[in-house]
Asker: 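Sharing a structure, written as structure tokens. Questions coming.
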Amino acid sequence: MINADELELTEKLIHINRVAKTVAGGRRMGFSALMVVGDGNGHVGFGHAKAKEVPEAIRKATEIARKSLIYVPRKDGTIHYEVIGRQDATSVLLKPASEGTGVIAGSAVRAVLDAVGVRDVLTKSLGSRNPLNLVRATFNGLKALESPDQISARRGKN
């Protein structure tokens, strides 16, 4: 488990949504917030939380994001190989790019990749463009990445 207290994490708000709960007297309004935190050096996490007020939703989402940190292996500012992350009706294709290409991605996917510290990558989102599913699909793709050392160790090679 990665300790968030030891890392210099940057926080990025991706999406705020107004949500309503129907009760006997009408509707109770609230807010949901989607946050991404990362150190720009391979560690990234995301959080989604709801509250009656926007600042409280953001605080809760940030807390959840700090607890869900993962490590992403990178090589020279890009990823090692092409990967597809899937979540419900959303797929995100992440493709390594040559140096100087930059991050070619939509807003939710870009926020995650910036937080990881990936500088050169090509992405394509397929299917639903729901911000929460885009972030989850991107995370599923990043979680599936392994460094060449991990792959050779798993295969029993050196």
Asker: How would you list, by chain and number, every residue that makes a side chain to side chain donor-acceptor pair (under 3.5 Å) with D39, sequence neighbours excluded?
Answerer: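 Side chain to side chain donor-acceptor pair (under 3.5 Å) check on D39 returns H43.
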
Asker: Looking only at heavy atoms, which two atoms of V118 and T78 are closest? And how far apart?
Answerer: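 It is CG1-CA, 4.1 Å.
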
Asker: What's the shortest heavy-atom distance between A57 and A49, and which atoms?
Answerer: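 Of all heavy-atom pairs spanning A57 and A49, the closest is O-CB, 3.8 Å.
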
Asker: Give a yes or no on whether F31 and V135 share a hydrophobic cluster (residues Ile, Leu, Val, Met, Phe, Trp, Tyr; joining criterion: side-chain heavy atoms under 4.5 Å apart).
Answerer: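 Different clusters.
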
Asker: Is any NZ, NE, NH1 or NH2 atom of the basic residue among E63 and R66 found under 4.0 Å from an Asp or Glu carboxylate oxygen of the other?
Answerer: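 Between R66 and E63 there is no salt bridge, as every charged N stays at least 4.0 Å from the carboxylate O atoms.
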
Asker: Please identify each residue that fulfils ring-ring contact (aromatic ring centres under 6.0 Å, His included) with Y81, with sequence neighbours left out.
Answerer: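 Once residues adjacent in sequence are excluded, Y81 has no partner under the ring-ring contact (aromatic ring centres under 6.0 Å, His included) criterion.
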
Asker: Can a donor-acceptor pair be found, under 3.5 Å and without considering hydrogens, that links the side chain of R110 to the backbone of V103?
Answerer: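 It does hold such a pair.
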
Asker: Can you name the salt bridge (Lys or Arg N to Asp or Glu O under 4.0 Å) partners of R86, sequence neighbours left out?
Answerer: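 R86 satisfies salt bridge (Lys or Arg N to Asp or Glu O under 4.0 Å) with no residue once adjacent residues are dropped.
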
Asker: What pair of heavy atoms forms the shortest contact from I84 to L93, and how long is it?
Answerer: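 What the structure gives for the nearest pair is CG1-CD1, 3.7 Å.
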
Asker: Any side-chain to backbone donor/acceptor pair from T90 onto S128? Under 3.5 Å, distance only.
Answerer: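 Answer holds: yes.
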
Asker: Between L122 and P96, what is the shortest heavy-atom contact and its length?
Answerer: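 Looking at all heavy atoms of both residues, the shortest contact is CD1-O, 4.5 Å.
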
Asker: Considering all heavy atoms of both residues, which atom of G117 and which atom of R74 are nearest to each other, and what is their separation?
Answerer: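 Closest pair (atom of G117, atom of R74, distance): O-NH1, 3.5 Å.
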
Asker: Please name all residues satisfying salt bridge (Lys or Arg N to Asp or Glu O under 4.0 Å) with R154, sequence neighbours left out, ordered by chain then number.
Answerer: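 Listed in chain order: E146.
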
Asker: Without swapping roles, check the side chain of Q150 against the backbone of S147 for a donor-acceptor pair under 3.5 Å.
Answerer: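 Such a contact is found between Q150 side chain and S147 backbone.
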
Asker: Using the side-chain hydrogen bond (donor to acceptor under 3.5 Å, both in side chains) rule, collect all pairs that involve residues 118-127, keeping only residues at least two apart or in two chains.
Answerer: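 Qualifying pairs, neighbours excluded: S125-R129.
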
Asker: Only counting residues at least two apart or in another chain, list the ones meeting ring-ring contact (aromatic ring centres under 6.0 Å, His included) with H48.
Answerer: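 Applying ring-ring contact (aromatic ring centres under 6.0 Å, His included) to H48 gives none.
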
Asker: Any donor and acceptor pair, going by atom type alone, linking the side chain of K60 with main-chain N or O of K50 inside 3.5 Å?
Answerer: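 At least one qualifying donor-acceptor pair exists.
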
Asker: What pair of heavy atoms forms the shortest contact from A115 to V36, and how long is it?
Answerer: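 Closest approach of A115 to V36, heavy atoms only: CB-CG1, 3.6 Å.
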
